Amino acid sequence: MLSALILWPWLVALWLAGRAQDSHRLAVPAALFELLLALAVLFGADTPDSRALHLPLLGYLWYLQNSSLGATLAVTAAALLPFALLFAWRLEEFRGFTIAALVLVGALMGTFFSQNFLGFYLFYEIVALSGAWMILIGGDRDRAAALRFLLYTVGGSLLLLVAVLYLYLRSGNTNGIYTFSWTHLAAAAAPDPDLAWWLFLAMLAGLAVKLPLFPLHSWAGPAYGRAAPPASMLLSGAAVLAGAYGLIHWAIPLLPLGALHFAPYGILLGAIGTLYAAFLALDAPNLRRFAAWVSVSHMNLVAIGLFALQEQAVHGALFLLVAHAVLAAGLFGVIAILEARGLPGHWDALGGLFRQTPQLGAWMLFFFLTGMGLPGLANFPGEFLSLAGAFRVSPWPAAIAALGILLSVVVFLRAYERVMLGPLNPGIARGTGDLAGRELALLWALGLLCLWLGLDPQPLLGQFQGLLPVHSAVLFGGVAHGH
Amino acid sequence: MADWLWLIPGFPLLGALINAGFGQWLGVPMVKRLAALMPLLSSVVILVIWLEHATHPELVDRVWTWMAVGSFVAEIGLRIDAVSLVMVSIAAFAGFLIHLYSQQFLAGDYGERRYYFYLNLFVGGMLVLTMADNLLLLYLGWETVGLCSYALVAHWYRQKKNAWAGRKAFVVTRIGDTTFAIGIFLLFAQYHTLDIHRLLQMISGQPVPSVLLAASVLVLIGALAKSAQFPLHLWLPDSMAGPSTVSALIHAATMVTAGVYLSIRLLPLFAAVPGMLWVIALLGAWTAFFAASCGLAQVDIKRVLAYSTISQLGYMFLAVGIGAPALGLFHLLVHACFKALLFMAAGAVISIYAEDHDIRHMGGLKNQQPLLRWTFLAGISALAAVPLISAGFYSKDAIIDASWLAPHGALLYALALAAALMTAAYAFRLYFLVFEGEPRVGEPYQLGWGMKIPLLILAVASIGIGWLQFPPGWPGPHLWLPWLRAELGPTPEPSGNLALVLETVGAAVTLVGIWLGYLAARWERQGRGLSRIGFLAHAWYVDAVALRFLPPVVYGGARFLRLGVEHLLFRSGILGGIREGLQWGGVGLVWGENGLVSRYVAFMGFGLLLLLLLLWGGL
Amino acid sequence: MNLADIALVIAFALVLAGLTLVLLRRSLIFFLLGVELLFSAAMVIALVGGAVWQRVDGQILALFLMAMSGAALAPTLALLLRVRKAFGGSSVDTLRHLRGGRDG
Amino acid sequence: MAIEASLEPLILVGAATIIAFFFDLSRHLARWAPGFGALTAILTAAAVFHSRLTLGAGFYWDSSASVLGAYLGLATAAVLVFTAGHPLARRLPGALTGLSLTVLLGALCLVSSQTLLGLFVGLELQVLPFFALLAWPGSRRVALEAATKYALLAGLASALFGLGVATLFLGNGSLALIPPAGSLLTGFASHLGLLLLYAALAFELAVAPFHTWVADIYEGAPAPIVLLLGAVAKVGILGAWIDLASVSESWTTPLWVLAAISMVAGNLLALRSQRIRRLMGYSAVAHAGYFLAALGAGPLGIVAATVYALAYGLMHLASFLPLAVLPEDSHGIPWKVLRQRQPVLAGLLALALLSLAGMPPSIGFFAKLGVLVVAIHAGLWPLAVLLALMSALSFAYYLPAIWRADSSERSPVLHHASSWSYLGALGIVVLLLGWIGLPALLTVL
């Protein structure tokens, strides 16, 4: 079952690679089936572990285990896929995009369930590669952006590999079993604090770069900004999940001391990153960059929540991840719709569009409001819980990050004003049509998801509940911070 | 009974949802009627609650659990007690009247459906805000109404300045929202609950002075920003860019009072910090004074009313600060009636004068529009607190008089009294300029019943609602304060001769103010009015200074971060440095790749030397 | 100073001479000559080793070295002849069609 | 006379080599020469397998030598099968086969020899044929230049090797890798001798700073010969280096110093290269660095180094096989044409480049993983981190090589042979799934 989750999109991608004419016909049903599989994993009765490829000294390379966190994130990623495909419908590189997207999502599923580090690493690299591919084939076809994205991720993840290899040797040396399985790595005796600090930094370099956490963020602007919007949607909505999941499933449990040591700095970096990216979004040259930096800002908020190592904050951060995926679909979806109408997103070429496309304007505002963290919409519970939780741990950075609440309203509304309000830009064709049936349906689906997540987040929060104590009871139970 | 509470915000929210989802198919006429129906239905539910109020003073409805993580629980929980009952009544009923008024007033406008969507959403949000039993849900309502304010101020989006005004309103109030949110974090971090009742119990049970000080300041800034108190009042005058009905509902009757409501709700929090209440009182009195002085010199009819709103809200904060929240709530109610009335009437006046807001271009409207004139006059009287016959007299003068009793009462009293003088002056200046004098004929304008009924109802209320609570010692009903006593505690009231003196002074000041207003109107006609005083006309230049400095700092900061830090430091500096370093390293190595065997051999010789050096180190 | 040491000094001198030729002369023939000098030095060292350790392996090694140097020399000279024919010259400068840096 | 079992493979190859030259006598027979050579090479691999763990006559097929020896046989077979279809083999195919087999013979000597003399002979046996092969009739003019450069510099390297052998003999009094006295490293002379050997091997392997020639040769020489050079000759050198390092485990400093320099230099140079063949040459420098990093990590490193040698050989085969299909003067890779005409080889090339970069789950990744493991195990943190960073950096040129379209407008004429697709498919399977066998190999080692 879990293997099917990974292999199904890969097989479809392989099929499409061979048969060009099937892409429009097959893509969406395949994506929906993937979603169905993911839902089955999330809600189905005990999904058996999937083990294969046992290699001496490495353990089961293909070792997939269901967990409620992994399954939730899997559903999120799988849910994003049909949206991205449908928003990409009219792109000329649709087939290439579909293939890359299917590969990416399949690999993501692998990262969520893999219990063997090498397996995780393998999927993680494939995510990076297919992500770079996606940046490359669409949008501005910017090779430099794709390469930067890839180099950041690969460079970081190799450092991550180095750190995990140390733990692998350490656990192997003590109990004589050399394997990369999670349980064995986690059982390795804790390295001395100094080393743990460096090892954790190395892991961070691999995982936090995907979010991206503040000083590691420079790839994100070009990557999200130059790729086709549906690609940015998947990258900023789904691919980031792998990084965050890696932090919570691998880095923090494997090096609890390092994590604890780093936590205050992590919160601070997250706070700086939240504001910094928001400021960059404020001064973004076009709509895509704007969405890119907004996305980075939210992910830094996720980092705050994760590094708070505190119950509410971690829940909030995870929730925000899911919510952000929906938001990313909305934001980049709206941009994709604009681009489909020949509006490339430079501020100068926009303005007063509401007059032509009131429905699009309304939805754009809706997603912007979601992004601003308006209560009742998807992002709010996540933002609130992360900040409130982080505030209990280290008030000042959290308070600084909370200034993002203020900044976001300037950021979003200014952008909205530039696009939608004011007199109609003479450069916009009079006949620019409002939303068509498919677009409208997509936005409604996303909008209802946003409302659901915002008004009734409890089912989703409950999904995380069962898992965290198992993973890191010591950390999240509050012992760490003396609460 | 309690299980129905959710219907109160539920109706308008449902209306908004229907509008958004099916409005296109229903068509505008259907949508607007449906929209008006929703707050009426809420009002009916509220009426039932009023009838049951004596037996059920407090109703609680936990609709569903919003979020629950560990020790943190936030319910979608609604609560009705006396204070919130007053608030929901205002929100729902005034909301209904304004929906009704809008039917004709905005007929044919572009974006009517959008208007009713946000109006319904607003009423729903306001009802949630007032009924919320925990701070987080309150915050939800708080933000929802802020959003609606934005959208409705920017309703006529095709002009850039309207859109800008909407954004400004949202941004300035969000300053307060942010501090409010941080305050919530702080309270949660300390007390692990956001349920208002439990929180207040714990605050009085185990006060932590430093936390309470910080939290109260943060929450207070939130309240001040929402209620447009100095120095965060900047957004309110600009938000007059929206339709007048919006100003009536949001910027007069309901949303701006949310700050006052919040401070009444959280009074124990403020009371737990020594001196905090007095600061609130001083800020309120000062704002009342400041805004009244600005109101004197405005020429835009809506701006006069906007500053008067700021000023009147100042009175309410003053009341809260001197320990008379019941009086504050009373004035809130009275103000909601007369200010909604004034704004709606002003909207009609503006329509008559073809969207010209300048009162210097108006005049003599009393014969052309008698009904409008009388109702407007009722509102103006209440604003100016004309003694005995207007509701404002009973609510506002009670606050002014009570302020005498507070510590350093003379200061507060003096500020409040001076403000009252100016209030009467600008109120009647406005009235005289618009309705009296030489007629300047505008467009023919027929008030339909949909407009007349709300005006009439509110005019009656502006006169009569004050009779709920006569001044102490006077014969007549004393209903208000005793009714709220259980919830808000006793209200300080001057008594005996002191009361008599204060009341007389207050009444006299009002009459003088009316006379001054008459003079001011005359001067204005002669072209030498108060509006020529730039300092007052530009509201002490506070806004100008803020606009001069704050946006450039933010935008400049953003530009600096993008160009200076992201591009220069991160991209060019660090990444570029790495790239350059690699390039230069490559250049050095390529030097060896010149194709000449001798150069190759030289490299090998170098390598050999290196190895020999290792030999030296290795042994 | 015994004989072996003197032989080693000679070997060292040969190495130096060989390296100098290889490094400094631009003619390919002299380059080959330098390489041959290095081989000779190796032979000297091998013979000294054989003498010092009283083993026949030294001589065998010297013979091998001689054979190898000859085997390497012949085809190299053949190549040089072809180079002279194709490029017209036997300086190192004739061989620089293949080099890095041309493409940035 | 009984023949030592350890000599069986060598004798087999030697005999076949001599026979191969005679194929050129008849035009009809000559066509079969590469096939004969390939068959012999496969038989050699079987013979190596048969002689595994035998010791005698100065040769020892220890486990790493057996693995590499078997690989060398199969790789030579693959090269010969490929070359048979290549235009280069139209001239003197018998001699070409014979020289290729000579290279194989030298490489087998290198991996299995237990004496310095054996190493020396092996080195010469695999170096000398290239003097001729690199400038094989029918190749371009620049090939002559490449061959000459190689000949001159390889001569110098041979001289250094000879000096090293003599110096070691002077120091130890023995030509055995494991002298009777017990240790290879006894004093100054032996250290110096070892360094001279290292220098010579470093040249052959193109380890920086002895790497300068490599890009010229990769660029100028005919691709099938480069294929042979990388996949067979270099792996032989790797084997020799493994032999040497395993007897001098007490002194690894030169190894990891060279490793660090080589990784950095190779990657930096490759980063600047626009032409694919030069890029591959420089990347070979970097890979030599990774290999030495494994050797530098002490006893455990021998295993990782063997695996790396194997993986490197395979990756080189997989990358140069498709490159050899292109016209000799190609600057970039004409992906479009390649994809249309030779889809399997196009896939193989892309996969090989990713594998060289270390993308999981290709064997390139697992080979690097092994290096990282041993480096960390040995506590060589800086080396491990450098390796990680440099591997990441290598993506910066391998990937553009994959996605950069050939700038030239004309559509090149590709060489074609029906057997190549099968070879390509085999290569894809090996690169993609070869790692499943690697751990099994580890247990063998």
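Because the structure is predicted, anything quoted here is derived from the model rather than measured. Each chain gets a letter, A, B and so on, in the order the sequences are listed, and its residues count up from 1.
Chain B forms more heavy-atom pairs under 4.5 Å with one residue of D:T148, D:V264, D:L152, D:D216 than with any other, namely D:D216. Per-residue counts of heavy-atom pairs under 4.5 Å with chain B were compared for D:V207, D:L393, D:V257, D:L269; the largest is that of D:L269.
Under the 30°/60° scheme for interplanar angles, the aromatic rings of D:F131 and D:Y150 are found to stand perpendicular.
Residue contact with chain B, scored on non-hydrogen atoms closer than 4.5 Å, involves the side chain of D:L196 exclusively. Of the two parts of D:L195, the backbone and the side chain both hold a non-hydrogen atom closer than 4.5 Å to a non-hydrogen atom of chain B. Heavy-atom distances place the side chain of D:F203, and not its backbone, under 4.5 Å from chain B.
Under the side-chain contact (heavy atoms from CB on, under 4.5 Å) criterion, B:V217 pairs with B:L213, B:I221, B:M276, sequence neighbours left out. B:F188 is linked by a ring-ring contact (aromatic ring centres under 6.0 Å, His included) to B:F72, counting only residues two or more places apart in sequence or in another chain.
A cation-pi arrangement is not found for B:R174 relative to B:Y150, the charged atom failing to lie both closer than 6.0 Å to the ring centre and inside a 45° cone about the ring normal.
A distance-only check finds a donor-acceptor pair linking the side chain of D:S394 to the backbone of D:S391 [under 3.5 Å].
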